[in-house]
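Here the structure comes first, spelled out in structure tokens, and everything after it is commentary.
Please read all numbers here as calculations on a predicted model, not as lab measurements. Throughout, a chain's letter reflects where its sequence line sits, starting with A, and its residues are numbered from 1.
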Amino acid sequence: MSDERKTPEMRAQMTEIERLRHSAAHVLATAILKIWPEAQFAAGPPVENGFYYDVDLPHRISPEDFEKIEAEMKAEIKANHPFERMEVSREEALEMGRKGRLASLGDREQPSKFKIDIIENIPEGETISLYRNGDFVDLCAGPHVMRTGNIGAFRLTNVASAYYKGDEKNPQLQRIYGTAFKNKTQLDEYFAMLEEAKKRDHRKLGKELEIYIIDEDVGPGLPLWLPRGAAIIEELEKLAKETEFAAGYQRVRSTNLAREALYLKSGHLPYYKESMFPPMEVHEHGEEDSVAQRYYLKAMNCPHHHKLYAAIPRSYRDLPLRFAEYGFCHRYEQSGELFGLMRVRSMQMNDAHLYMTPEQFESEFNAVNEMYLNYFKLFGLEKYLMRFSTHDPTKLGQKFLDEPELWKQTEEMTRNVLKNSGLNYEEVPNEAAFYGPKVDVQVWSVIGREFTIATNQVDFGQPRRFNLTYKDKDNTEKTPICIHRAPLGTHERFVGFLLEHYAGNFPLWLSPEQVRIMTIGDDAALVDYARKIGNELRANFVRSDVDLGTDKINGKIQRAEQMKVHTMFVIGKRDMEADAVSVRVHGKGNLGAKPRAEAIAEVLLSIKERRP
RNA sequence: GCCGAAGUAGCUCAGCUGGUAGAGCAACGGUUUCGUAAACCGUAGGUCACGGGUUCAAAUCCCGUCUUCGGCUCCA
């Protein structure tokens, strides 16, 4: 293995399963060399669910080659070679590299170019070690399992491409992915789990449950919401509006596009330009006008909100001021990055900008974090991580606003608040927004997919650029601090996440179709009774539908269950005569008959309380 | 954007090495009047992603484009 970025301490912590998988990567390389001796290897680490090895090879490895490679791997495992560690000097290692002897089965004409590069990047004084299994020798810090025979069960999973060291200026390598476990049972369980995960994929559920579509004529990454999807969005928006109202936010509204001048002022141009749709050129004074105005689709709401702040003179007594908007933003994401609802080009953000004095920062920041935690509780999210993203001082003026002092101050301030809050956080350099440090919230859906679901950003740049001020107690003009926050992220990503989180089995309050009423037969009196109940539900804003057709009741239930309708009212003659309904709940089955009024009251209460 | 793979009816998919497109479900019409996950019969539905080429003949082979997927980079 050859990932030089990890320290020796980190490697020592490699778990048993990681050692096994990393060893499997060496066996993979061994097998590939037996078939294609000219293969050049780069890095082959264990990853979350398996391992990979990056290889440079003229032959394009495809899944059809897997059988052949796996057969060689099996032979190597059966041979049960020991993994032998050897420590060598830097010069010895380089000499072997020049002979093509690293990550190979013997000397070769071509030097082991990636391995040589890796050696050259190992800091002075650090031990350089090699590992051998059979004829295969690789530059590797280890550790490994004792023998190749310890690799219990494995399978190659897919091929992808990756740039050497993840830099798009470097050559592209073929990345062969595989996974390995102690035994076949665990391997089978893993693949069974993957099958389960596929069923919960938001793209699959989004289609099956009629949530959204992405149409070629509309454009890639531009989802359209079907009524069932829009219903979920409406509920989320209602939740956000209630929560924000209670927390002292005020709602504002802004446009979807603006002149270039606005984004020059905000700094989006040039710092964010490649993520924005190209401008529209408009000749405002007729065809003969030689000067075109450039308009951009907004990528973020902040510049618009800053204008709203600036529109009226502000006093320290007005602060904190909290402007909220579910604004539509458009970003020109690279085509290869689009991914279902999770990565789109048009998004509706649960956005708000909070303007405050420095003294108010801590309490405002904490209040925002508390809002996050309340939401997580409501949705039953247990695993989350706050990623505190800071700037990289070497990229001031390029990726980040050139304000070294302000970066230092705001990062310090944010770090302190995070520390005092006791939240689970991790600091990552070089990932801040261009206008200030940020805290992204990572969550994991039940199928293990990781998302940045929400964001909480400090902005010291824009308030100055927009000349935002407030009159302080001492009669001087001061610049407020601004926090951008979006606890529910964007509708697109959040709904995508919820689909996977709930596997489409939404709680009643979020359910696209909350109640479906179905009759046993289509007797006229029964149809009337069902319609009456439907009207009563709709009068109480319950999303309900009636299935009055001539199908058998089993068929009606089947269709409702497939659409994951939360509650079903089954109505036959017996129910009608007793002014009752038979209640069936998705996932729970038949709950028996209940008086009509009681059944409806229960539905209304569950929705009102947003029960899980 | 880059590398690789894929695109057949509304959905899920079949269609072998070229001979002119098929099933199930859904839809529609009829029959059935039924108690908790699919009643029965029939009808209709496709520029095989799009454009070009090779061929007597293309869903099938070749080239280009679009889109999606697996990754890289990036992010809410």
Q.
Using the side-chain hydrogen bond (donor to acceptor under 3.5 Å, both in side chains) criterion, which residues pair with A/R251? Sequence neighbours excluded.
A.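 Partners of A/R251 by the side-chain hydrogen bond (donor to acceptor under 3.5 Å, both in side chains) criterion, ordered by chain and then number, come out as A/E244.
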**Q.** Partner residues of A/D351 under the side-chain hydrogen bond (donor to acceptor under 3.5 Å, both in side chains) criterion, sequence neighbours left out
**A.** A/N301
Distance, [atom1] atom - from [M] to [N], rounded to whole angstrom:
N	M	atom1	value
B/C61	B/U55	C1'	10 Å
B/G7	B/C63	P	16 Å
B/U32	B/A37	P	25 Å
B/C69	B/C16	C1'	26 Å
B/U20	B/G15	C1'	13 Å
B/C41	B/G24	P	10 Å
B/A6	B/A49	P	13 Å
B/G18	B/G4	C1'	27 Å

Any side-chain N or O of [X] less than 4.0 Å from the OP1 or OP2 oxygen of [N]?
X	N	answer
A/K552	B/U36	no
A/S335	B/G1	yes
A/K207	B/U12	yes
A/Q562	B/C25	no

Under 4.0 angstrom, heavy atoms only, what part of the nucleic acid is [X] near: base, sugar-phosphate, or nothing?
X	value
A/E274	nothing
A/G555	sugar-phosphate
A/F494	nothing
A/M347	base
A/I61	nothing
A/I520	base
A/G549	nothing
A/A560	nothing
A/L173	nothing
A/K588	nothing

(Q) Over 60° means perpendicular and under 30° means parallel, so tell me whether A/Y164 and A/F114 are parallel, tilted or perpendicular. (A)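 Tilted: the ring planes of A/Y164 and A/F114 meet at 30° to 60°.
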Under a 3.5 Å distance rule, please check whether [X] uses its side chain to pair with a backbone N or O of [Y] as donor and acceptor.
X	Y	result
A/S266	A/Y263	yes
A/H268	A/K273	no
A/N350	A/L488	yes

Could you work out which one of [options] sits closest to the side chain of [X]?
X	options	result
A/A160	B/A76, B/G71, B/C34	B/G71
A/T550	B/C34, B/G71, B/A76	B/C34
A/E216	B/A37, B/C3, B/G7	B/G7

Does any donor-acceptor pair link the side chain of [X] with the base of [N] at a separation under 3.5 Å?
X	N	value
A/R175	B/C3	no
A/S582	B/U36	yes
A/Y163	B/G1	yes
A/Q334	B/C74	no
A/S161	B/G4	no
A/R584	B/A37	yes
A/N590	B/G35	no
A/R331	B/C74	no
A/E337	B/U73	yes
A/D522	B/U33	yes

Q | With A/Y384, the ring pair (Phe, Tyr, Trp, His ring centres under 6.0 Å) member among A/F376, A/Y425, A/Y372 | A | A/F376
Please list, one pair per line, the donor and acceptor atoms closer than 3.5 Å that link side chains of residues 206-218 of chain A to other protein atoms, with sequence neighbours excluded.
from   : atom 1 : to     : atom 2 : distance (Å)
A/E208 : OE2    : A/K204 : NZ     : 2.9
A/D215 : OD1    : A/D217 : N      : 2.7
A/D215 : OD1    : A/V218 : N      : 3.4

Between [X] and [Y], is any side-chain donor less than 3.5 angstrom from a side-chain acceptor?
X	Y	result
A/H391	A/E431	no
A/N505	A/H586	yes
A/S254	A/K298	yes
A/D575	A/Y529	no
A/T452	A/D440	no

Measure from [atom1] on [X] to [atom2] on [N] and round the result to the nearest Å.
X	N	atom1	atom2	result
A/R203	B/C11	CZ	P	16 Å
A/E208	B/A37	CD	P	20 Å
A/R493	B/A76	CZ	C1'	5 Å
A/Y212	B/G10	OH	C1'	17 Å
A/D575	B/C34	CG	P	15 Å
A/I213	B/U68	CD1	P	13 Å
A/I211	B/G10	CD1	C1'	17 Å
A/N554	B/U33	CG	P	16 Å

Q. Mapping A/F339 and A/D440 to their closest nucleotides on RNA chain B, which lands nearer the 5' end?
A. A/F339
Q. Looking at residues 368-383 of chain A, who's got a heavy atom less than 4.0 Å off RNA chain B?
A. none
(Q) As a test of your reading of the structure, name each stem of RNA chain B as range with range, where a stem is three or more consecutive Watson-Crick or G-U pairs at under 3.5 Å. (A)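 In RNA chain B, stems of three or more pairs: B:1-7 with B:66-72, B:10-13 with B:22-25, B:27-31 with B:39-43, B:49-53 with B:61-65.
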Q) Of all residues at least two apart in sequence or in a different chain, which pass the salt bridge (Lys or Arg N to Asp or Glu O under 4.0 Å) check with A/R203? A) A/D201
